[in-house]
Amino acid sequence: MNKKIQRFGKALTLVAAAMIAAVSTTGVQARNGDGNDGSTGEMAIARNLAVFNSLYKELNTFYVDSIDAQKSIETAINAMLDDIDPYTEFIPAKQQDDFMAISTGEYGGIGSIIMERNGEVYISEPYEGSPAARAGLRAGDKIVMIDADSVSGWGNKKVSEHLKGQPSTRLKVVVQRPYTEGTLSFDIVREKININPVPYYGVIRGCIGYIALTTFNQKSADAVREAVLALRENPAVKIIALDLRGNGGGLLESAVQIVGMFVPKGTQVLQTRGRIKQQEKTYKTTQEPIDTKIPLAVMIDGGSASASEIVAGSLQDLDRAVIVGARSFGKGLVQTTRTLPYENLLKVTISKYYIPSGRLIQAIDYSHRNPDGSVARIPDSLTTVFHTAGGREVRDGGGITPDVKVEYAQINRLIYNIVSDNWAFDFATKFAAEHPVIGPAEEFVVTDSIFEQFKAFIDPSKFKYDKVCEEGLKNLRKVAEAEGYMNDSTREQFAALEKLLKHDLGHDLDQHRKDIAKILAEEILRRYYFQRGNAIATLATDETVDAIVRIVEGDKLPELLGKR
């Protein structure tokens, strides 16, 4: 047997394991039927695996070019899993370090976020207190060598793999720093990097005890507990605000622990139900709470999913917190990991979860697809009314709807281009090079001088401007000509309109100064105060924080929770 066939045999084992994990072990019919012979369950699996095995052997023997066995099998696995739901995934052994870093909040490395631009890799932000930060790496540094290897053409993934490694091992990173001659070399010792799930907490707007929670990993509950205990001791704090915006979730158990900080011990938080009876479980809080009376707000948006929705939805159902922001994502599915041969893993959806009111917040039913294979959100008209502990109406099937909705302004194309093309990032790099230190983050403002420097920094010839008005006018002119409406009078009107709608970059920057200043403040403060500085700048003009301030000042919390 040739080596390709041997490799195929190993890879086929992976397919078999994944397929068996994806079907019932009780002998019921396969999900999409079993063909025309009426065979069921294990018979269908065996038959289809035999077909797959034979098909691959034929391809491997007769196809005109050689076939990459590993790539082909992983493609087959992923295609099968994509037909189930987006959360059931095959995790090859080589990707398990990244997977474990997400769930544990730990990895071995230098502690820095990197980004790829035009085929080159830059330091985007070192973590505060990390080996990278202590060594002196800065945002904007372009990585040119790691140890003795040039990183030219490597890309983000390969650079990341070389920066990571066992704690206590050494590496040398060579960078080119903007506004600095030559290259800079840094000798760094890798450490166990702990990803802080609470990058910032503190008192904002004079009365809000704010906690930013970015993920639910093994460290999240302890980090939130520390923040709550510290904030509760501050007499200025009138309300605790837990910010779950953009938090895509994580460990279910972590979410239950966080809910338990605010409700009595033994409170039911959720139930999980799946096809296998043994996987059904009721989750109740197991620890004594920190505080069951302090006013509580939870901030959510469309990026709040899974464990974030467990926390927000449970506290809403229990009438314990007011939910503020925009409707959450709507992920009511639970995954677990199953081991596969050769140190591979399968992350598989095993159940759905139901929060205290009994509702399922899953927004998409992946088991019922359109004829083209697509799926859609459950229409609001088909959702069902449930009730909170105090009798307030809440609905299932579409994420968590806030008690206080916040309308966010749409980002215009000018702002989008300033961010996406890194104009603000690069200006912050220049600013930090010219200003070694600045004052406290809370006191920093983008002055007229700084804003004018930014305007001068932008090269109009390189600025990618989406000229929507000009393109629209051009198309309208074509339609007018085609329809026979173009005459001398119309041409004059078009010419006048063209002058009015012509882009003036300096004018447009001035028109959007408020939004641009906010972006600049976030980028600049990140250079000096890391994620904490970014949070301070962001929260100073945050619409959702404004809404919480109005709740406190108007003493509206009891009314919103149906307790008045």
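FYI, the numbering just counts along the sequence from 1. Computed from a prediction, not measured in an experiment: that's the story for all the values here.
- Side-chain N or O atoms of Asp301 include one that pairs as donor or acceptor with a backbone N or O of Gly246 at under 3.5 Å.
- Judged as a side chain to side chain donor-acceptor pair (under 3.5 Å), and not counting sequence neighbours, Gln362 has no contacts.
- When each of Ile77, Asp85, Asp83 is paired with Leu81, the side chain to side chain contact (heavy atoms under 4.5 Å, CB included) condition holds for Ile77 and for no other.
- For the atom pair Ser420 OG and Lys464 NZ, the distance stands at 7.5 Å (nearest 0.5 Å).
- Looking only at atom types and distance, the side chain of Thr388 has no donor-acceptor partner in the side chain of Ser357 under 3.5 Å away.
- Under a 3.5 Å cut-off, the side chain of Thr183 and the backbone N or O of Gln176 do not form any donor-acceptor pair.
- With sequence neighbours excluded, the residues satisfying side chain to side chain contact (heavy atoms under 4.5 Å, CB included) with Thr383 are Ile378, Arg395, Asp396.
- Judged by a 6.0 Å distance limit and a 45° cone about the ring axis, Lys192 is not positioned over the six-membered ring of Tyr107.
- No side-chain heavy atom of Ile110 sits less than 4.5 Å from a side-chain heavy atom of Ile193.
- Arg369 and Ser374 are not linked by any side-chain donor-acceptor pair at a separation below 3.5 angstrom, with hydrogens and angles left out of the test.
- Inspection of the Glu309 and Ser328 side chains reveals an N or O donor paired with an N or O acceptor under 3.5 Å.
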Inset, instruction - Before giving the answer on side-chain hydrogen bond (donor to acceptor under 3.5 Å, both in side chains), spell out for Gln271 and Thr282 the whole-Å C-alpha distance, their side-chain angles and the decisive distance to 0.1 Å. - result: CA-CA 4 Å; Gln271 290 183 317; Thr282 298; 3.3 Å; yes
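- Ring orientation note: the planes of Tyr366 and Tyr87 are nearly perpendicular, at an angle over 60° on the 30°/60° scale.
- Put simply, CD on Glu128 and CD on Gln531 are 9.0 Å apart, with the number rounded to the nearest 0.5 Å.
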Inset, instruction - Kindly indicate, with the supporting measurements, whether the criterion salt bridge (Lys or Arg N to Asp or Glu O under 4.0 Å) is fulfilled by Asp147 and Arg170. - result: CA-CA 9 Å; Asp147 292 326; Arg170 291 182 173 274; over 6 Å; no
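- Applying the salt bridge (charged side-chain N to carboxylate O under 4.0 Å, His left out) definition to pairs two or more places apart or across chains, those involving residues 340-355 are Glu89-Lys347.
- Residues satisfying the side chain to side chain contact (heavy atoms under 4.5 Å, CB included) test with Ala307, not counting sequence neighbours, are Phe216, Ala255.
- Summarising the local packing, CD of Glu253 is surrounded by more than 12 heavy atoms from other residues, nucleotides or ligands at distances under 6.0 Å.
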Legend entry - side-chain contact (heavy atoms from CB on, under 4.5 Å) evaluation trace for Ser351 with Val334: CA-CA 5 Å; Ser351 59; Val334 180; 3.4 Å; yes
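- Between atom CG of residue Leu244 and atom CD1 of residue Ile310 there is a gap of 11.5 Å, rounded to the nearest 0.5 Å.
- Under the side chain to side chain donor-acceptor pair (under 3.5 Å) criterion, Asn217 pairs with Ser220, sequence neighbours left out.
- For residues 114-123, every residue pair satisfying the salt bridge (charged side-chain N to carboxylate O under 4.0 Å, His left out) rule, not counting sequence neighbours, is listed here: Arg117-Asp426, Glu120-Lys142.
- For the pair Ser306 and Gly248, the tightest heavy-atom approach, listed with the atom from each and the gap, is CB-O, 3.8 Å.
- Other residues, nucleotides and ligands place no more than 12 heavy atoms under 6.0 Å from the CZ atom of Arg138.
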Inset, instruction - For the pair Thr272 and Tyr354, evaluate side-chain hydrogen bond (donor to acceptor under 3.5 Å, both in side chains) and give the outcome as yes or no after the intermediate values. - result: CA-CA 6 Å; Thr272 59; Tyr354 300 80; over 6 Å; no
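- The salt bridge (charged side-chain N to carboxylate O under 4.0 Å, His left out) contacts involving residues 215-225 comprise Glu106-Lys219, where partners must be two or more places apart or lie in separate chains.
- Rounding to the nearest 0.5 Å gives a distance of 10.0 Å between CD1 of Ile355 and CG of Leu315.
- In this structure, the separation between CD1 on Ile146 and CG on Leu163 is 4.0 Å, given to the nearest 0.5 Å.
- The pair Glu125-Arg526 meets the salt-bridge criterion, with a side-chain N (NZ, NE, NH1 or NH2) lying under 4.0 Å from an Asp/Glu carboxylate O.
- Scanning for side chain to side chain contact (heavy atoms under 4.5 Å, CB included) contacts around Ser185 gives Lys172, Val174, with sequence neighbours left out.
- Residues satisfying the side chain to side chain donor-acceptor pair (under 3.5 Å) criterion with Ser308, sequence neighbours excluded, are Asn247.
- With sequence neighbours excluded, the residues satisfying salt bridge (Lys or Arg N to Asp or Glu O under 4.0 Å) with Lys277 are Glu280.
- Looking at heavy atoms from C-beta onward, Val121 lies out of side-chain contact with Trp154 at the 4.5 angstrom threshold.
- Here the rule is side chain to side chain contact (heavy atoms under 4.5 Å, CB included) with Val298, and of Asp243, Asp403, Leu213, Ile323 only Ile323 fits it.
- Summarising the geometry, atom CG belonging to Asp82 is positioned 10.0 Å from atom OG1 belonging to Thr88; distances are rounded to the nearest 0.5 Å.
- Judged as a salt bridge (charged side-chain N to carboxylate O under 4.0 Å, His left out), not a single pair has a partner in residues 150-163 (not counting sequence neighbours).
- Shown here is Ile411, whose CD1 atom has no more than 12 heavy atoms of other residues, nucleotides or ligands within 6.0 Å.
- Residues satisfying the salt bridge (Lys or Arg N to Asp or Glu O under 4.0 Å) test with Arg190, not counting sequence neighbours, are none.
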